[in-house]
J.: 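Structure provided below as structure tokens; questions to follow.
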Amino acid sequence: MTAELHEELTDPHADQLDHGAASSRPLKSRISEPQPRGAKIRGNRPVDQSEAANRFMAATEHEAMHDARLWDLRQKRDKEMHGIEEWEELRDLASGIKEHTLSKLDYYLELFEKNATANGIKVHWAKDGAEHNAIVLDILRSRGVELLIKSKSMLTEECGFREFMAKNNVEVIETDLGERIQQLDDEAPSHVVVPAVHKLRTDVASVFAKTIGSDPDNADAHYLTECQREATRPLILSAQAGMTGGNFVVAETGTFVVCTNEGNADLSANTPPLHIASIGIEKLIPGLDDLAVFIRLLSRSALGSPITQYTSHFRGPREGSEMHVVLVDNGRSERLGMEKFWPGLKCIRCGACMNTCPVFRRSGGLSYGATYAGPIGLIIDPTFNVHKYRNLPYSSTMNGSCTNVCPVKINIHEQIADWRRTLAGDGEISPVKKVMMKAAGEVLASPVVYRASLPLGRSALRHLPHFMLYNKLNTWGRKRDIPETPKQTFNEWYRKNRKQPGEGEKS
Amino acid sequence: MSGSREAILGAIRKNHVQGERARPAVPLFDQAAPFDLKALFQRSLERMGGRMLTPDATDPMAPVRQAIVKPGPVLSCVPEFEGDMKITPQTKPTDIAPVEYAVLRAAFGVAETGSLCFTEKQLHVNTTGFLPQHLVILLDPAQIVYNLHNAYQRPEWTQAHYAVFQSGPSATADIEGVLVHGAQGVRSLSVLFHPAS
Amino acid sequence: MKVGLFVPCYVDMFHPETGIATLELLERFGLSVEYPVDQTCCGQPMTNTGCEREAAKTEELFVRNFEKYDYVVTPSGSCTNQVRNNMTAIEQSDAVKHVRSRTYELVEFLHDVLKVDAFPWAEFPHRVALHNNCNTLRNLRIASMSERREEPFSKPKALLKMVRGIEFADLTRPDECCGFGGTFSVFEEGVSAKMGQDKVTDQLKSGAEYVTSSDSSCMMHQEGCARRMGANLKYIHIAQILNGARA
Ligand code: SF4
């Protein structure tokens, strides 16, 4: 396939935003390391995030690009933040609006349903992923749809939508570039905003060469993007139905809003005669005043651009077409009742917490083995399956950067700590951790036992605190030197050099 | 299906651990708005990858003609400019696919973000905003609002079934962060300040 | 004013000089400082892992050791955060509440309570990179953070600026976590070490000769990484610099 490069693409305006464009742009394909794959999924066994993270870091080119790219997005976000004087006020508002809406979610859902229905939208309700898939299939079958074009949606990932449709002979084409790359590579998205961010351009070149016939030796991002545009366009024109998600649902006007940078949601929604939108019930907000707050925060937090290139508002079907909204619960109403964890429902899926997370940047999103990766994933994945995702809350240093970039002020790092407490309390903690902490708790509760456990002057390995080396693995020393042991502890020094409390009165 | 509706609403009502939370009032944040919004609009648009055309007082449509440099059908949705194609009641969404340039008028602009708002009233057929290769857009400078708070006070939101902010051309940086315009939607977007007649 | 000195286990075992410097520094300001010799730990390792029940006895011991003081001061931000914000495994008696609200990290104590305006004895003619422990930065708010739109401030820097001859080296990612993370450093060793190596690389690039921090645990991890990498960097606790160490 030959793709023509349009000259306006190569002549970007000097002051133009580059959407996180990396500073160096080597366009030639290079021999590159193979792409590391994500966590190994073994049924319901707890996902081993650190095993997958270690493989990702071993692919040093991938890790370095991934870290640099996401850190660049974080810095662009900071720059946008400094341009908006009312930034922290907007975050307070966003958090307050979401909390208000969640506290009256039944009311706002019914209000939306009423207004949307009045404008000709057909509203459906699905309690879980399976019901969502069945509803959509039913709509598609009754209209004889065989080809569906779709814009990115994390909710449909939750529902296993593509796999279900494949089994039912409906071809689904993702129209977002990153999501399409992942679909063609048969891999889940690794990030909620930039789904293929863990791939090098050479990985994309080899996926496209195998699937849409691009030149395997050309890894130029412009060329690859153009190939995908040319390959997808005929499908967009011939699809019988389009599907989108929804970033925000405005109850008072019956509007749902979709934000993209590629314009693919508008194409998916406006080209075929049937538009289905799958939307989680937590996406509700009351009115248009509120919407302004979120539109101002979303893309600035996500990519460091003032707004997504396309912000599309759907309030009713266009003439001669049909519009359906499927409101999906899939565990959300239950999460609403979780004292500590309901604020996770405020999330607007901007990905800022992932971009800033030092663990995420070094592990890759697929290491989490779950629909949601990174900080937000740590606190919502266990609500889907507590056993399978019980290790995830430990994949964090609880440094708190996530909480402070979050545009809706979710207390992510506190919830991570709360999950650890909850998991340990419910027996969902790995035996190694449990045994170590029980031992540590006993040693540290007794000054005598504690002092006796500090074997100064013996082999260096033993010099680490008891709780760090109890597991015999000496994980500390693999890549770090063990500190030298001084001749005496502070405690010993103090006993020799200062009079001890109480001594003065006695003598 | 109606069973699920009741089940979901019932579960929500049962799970209200957060109690009542007041709805915050959202200010307009527009005290610092400059008198001339055109300059701010232009700066924002250019950051988003759009281009401003220089007005020509003697021949107002000359900048539009000059912006059309590639061969191919030109669709005009504005009375000021004569294109090769017009929308008719028979035009289907997919009929827009061959269009190289579409000339449109925006309902209004947003200075904060360089956004242009279109509804079905300006687009006639909604795909006009996305299927052409390039867009040339007329914007009445009197129809620029300062920020998004002001934008959402406009009447379009309760009148149109479809309304979109386009802020620059289609863009992606999904491959190693390299910016590419024209991932799916339009490859370029140019704007000319031109009062509505 | 009676001050109880808490010396965390790492400091006790590996960096007694930090404990000594903290004690001497506080004594320079004429305070009566005591170190209860029966102290062990604040309970952080267990709480950090989610094992609250296992932390209870250690927390009780901590309160018994320190309830008689007006202030508890410690050269560790993460331990202060544990006591002030997370010591919830035990019943919240008046003694517990007193200890929790009166426990201060050393820099905070000097800056906010003593309001120190000079360290006439201090001189440190070196290029220094400052590391803020994440708990200290984002939970105790010892400095402004890059994530928020707020007026820049830094309590440790304000104190260090009173030291003669000191020069600051700027990091490219000053707020980035170094990967210690308490038990994270053991359970998630791979990512922890990688973060530590990246931190050391940033410190090297800054041209720093020394790295200083008000938290020993982060520095123990960073120093371990730096040694293994063969990086020529020295780590020194802020208490030592403020107490007049010259190198
Ligand atoms: S938790 Fe906050 S920062 Fe993370 S994706 Fe959700 S809204 Fe964005």
Side-chain angles (χ1 to χ4, degrees), chain A residues 6 8-9 13 15-22 25 69 86 93 96-97 99-100 103 105-106 125 127 131 175 177-178 194 196 201 204 221-222 224-225 237 253 261-264 266-267 270-271 288-289 291-293 295-296 306-307 309 311-316 318 329 333 336-337 339 342, chain B residues 1 4-5 7-9 11-24 26 29 44 46-49 93-94 97 112-113 115 120 126-127 129-130 148-149 152 157-158 160-168 170-185 187-188:
Chain A
H6 292 243
E8 57 269 33
L9 305 182
H13 194 279
D15 190 34
Q16 185 180 296
L17 276 179
D18 59 5
H19 285 264
R25 302 181 183 187
R69 163 90 171 109
E86 58 270 19
L93 285 168
I97 294 164
E99 288 182 3
H100 165 73
S103 80
L105 190 55
D106 51 334
W125 302 71
K127 61 182 180 313
E131 190 175 10
T175 54
L177 172 60
V194 274
R201 62 188 87 194
V204 179
H222 289 89
L224 293 168
T225 304
L237 295 175
T253 55
N261 283 307
E262 301 181 8
N264 56 313
D266 299 276
L267 282 169
N270 285 316
T271 316
L288 292 165
D289 291 355
L291 181 59
V293 173
I295 300 298
R296 293 189 79 194
I307 190 168
Q309 312 285 120
T311 305
S312 317
H313 308 69
F314 299 94
R315 214 178 122 252
R318 54 180 202 278
D329 183 337
S333 61
L336 194 64
E339 200 80 53
W342 72 266
Chain B
M1 238 156 34
S4 292
R5 180 186 187 280
I8 294 167
L9 290 171
I12 291 170
R13 283 178 196 124
K14 204 178 74 207
N15 287 336
H16 266 170
V17 293
Q18 46 289 115
E20 279 287 302
R21 306 260 166 157
R23 179 173 176 182
V26 180
F29 296 109
S44 304
E46 286 172 352
R47 284 188 75 204
M48 297 298 293
T94 48
E112 176 192 0
T113 50
S115 305
E120 63 258 23
N126 290 351
T127 48
F130 316 98
L148 284 164
H149 302 285
Y152 282 111
W157 311 109
T158 48
H161 269 200
Y162 172 69
V164 60
F165 285 133
Q166 284 210 37
S167 316
S170 163
T172 185
D174 274 349
I175 302 174
E176 273 191 45
V178 178
L179 173 71
V180 183
H181 282 145
Q184 294 292 0
R187 300 176 190 273
S188 81

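Reminder, nothing fancy here: chain letters follow the sequence lines and each chain counts from 1. Predicted model, so just to flag it, every value in this text is computed and none were measured.
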J.: Do B/N15 side-chain atoms and A/S333 backbone N/O form a donor-acceptor pair below 3.5 Å?
T.: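 Indeed, once roles are kept as given, a pair shorter than 3.5 Å links the two residues.
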J.: As an exercise: rank B/G19, B/S170, B/P93 by heavy-atom pairs under 4.5 Å with chain A and give me the winner.
T.: B/S170
J.: Given the rule in the side-chain contact (heavy atoms from CB on, under 4.5 Å) test, do A/I307 and B/E112 qualify, once you have shown the distances and angles that lead to the verdict?
T.: CA-CA 9 Å; A/I307 190 168; B/E112 176 192 0; over 6 Å; no
J.: Please identify, among A/E99, A/E86, A/E339, the residue contributing the most non-hydrogen atom pairs under 4.5 Å to chain B.
T.: A/E86
J.: Would the distance check show the side chain of B/Q18 and the main-chain N or O of A/L336 forming a donor-acceptor pair, the cut-off being under 3.5 Å?
T.: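 Side chain of B/Q18 to backbone of A/L336, a donor-acceptor pair under 3.5 Å: yes, one is there.
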J.: At a heavy-atom distance under 4.5 Å, which candidate from A/A292, A/G263, A/G316 has the highest pair count against chain B?
T.: A/G316
J.: Using non-hydrogen atoms and a 4.5 Å limit, figure out which bit of B/S115 sits close to chain A: side chain, backbone, both or neither.
T.: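 For B/S115, side-chain heavy atoms alone lie under 4.5 Å from chain A.
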J.: Which heavy atom of A/W125 sits nearest a heavy atom of B/S4, and at what distance?
T.: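 That closest heavy-atom pairing would be O-CB, 3.7 Å.
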J.: Which is it for A/L291 and B/W157 under the side-chain contact (heavy atoms from CB on, under 4.5 Å) test, yes or no, and what are the steps along the way?
T.: CA-CA 11 Å; A/L291 181 59; B/W157 311 109; over 6 Å; no
J.: Determine the interplanar angle of the B/F165 and A/H313 rings, folded into 0 to 90°, and report it as parallel if under 30°, tilted if 30 to 60°, perpendicular if over 60°.
T.: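 Aromatic pair B/F165/A/H313 classed perpendicular.
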J.: Where does B/E120 contact chain A at under 4.5 Å (heavy atoms): side chain, backbone, both or neither?
T.: neither
J.: Taking it one step at a time, do A/R69 and B/E176 satisfy side-chain contact (heavy atoms from CB on, under 4.5 Å)?
T.: CA-CA 7 Å; A/R69 163 90 171 109; B/E176 273 191 45; 6.0 Å; no
J.: To the nearest 0.5 Å, what is the distance between CZ (A/R296) and OG1 (B/T113)?
T.: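 Result: 9.5 Å between the selected atoms.
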J.: What heavy-atom pair brings A/L267 and B/G185 nearest, and what distance separates the two atoms?
T.: CD1-N, 4.3 Å
J.: Looking only at heavy atoms, which two atoms of A/A221 and B/V178 are closest? And how far apart?
T.: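 Looking at all heavy atoms of both residues, the closest pair is CB-CB, 3.7 Å.
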J.: Can you tell me how far apart CD (B/Q184) and CG (A/N261) are? Round to the nearest 0.5 Å.
T.: 12.5 Å
J.: Return the CG to CG distance between A/L288 and B/L148, rounded to the nearest 0.5 Å.
T.: 12.0 Å
J.: In terms of heavy-atom pairs under 4.5 Å, which option from A/T253, A/V204, A/N264, A/I295 contacts chain B the most?
T.: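 Ranked by contacts with chain B, first place is A/I295.
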J.: Walk me through it: do B/T172 and A/E262 pass the test side-chain hydrogen bond (donor to acceptor under 3.5 Å, both in side chains)?
T.: CA-CA 6 Å; B/T172 185; A/E262 301 181 8; 3.0 Å; yes
J.: Is it the backbone or the side chain of B/H16 that comes under 4.5 Å from a heavy atom of chain A, or both, or neither?
T.: side chain
J.: Side chain, backbone, both or neither: which part of B/A22 has a heavy atom under 4.5 Å from chain A?
T.: backbone
J.: Is a donor on one side and an acceptor on the other found under 3.5 Å between the side chain of A/R318 and the backbone of B/H161?
T.: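 Judged by distance alone, no pair lies under 3.5 Å.
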J.: Hey, are the side chains of A/H222 and B/I175 touching, using non-hydrogen atoms and a 4.5 Å cut-off?
T.: no
J.: Specify which of A/L105, A/V194, A/L224 makes the most heavy-atom pairs with chain B at under 4.5 Å.
T.: A/L105
J.: Would a distance-only check, ignoring hydrogens and angles, find a side-chain to backbone donor-acceptor pair under 3.5 Å from A/S103 to B/R21?
T.: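 Yes, because the side chain of A/S103 sits within donor-acceptor range (under 3.5 Å) of the backbone of B/R21.
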J.: Using a cut-off of under 4.5 Å on heavy-atom pairs, state which of A/L93, A/D266, A/I97 scores highest against chain B.
T.: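 The residue among A/L93, A/D266, A/I97 with the greatest pair count is A/D266.
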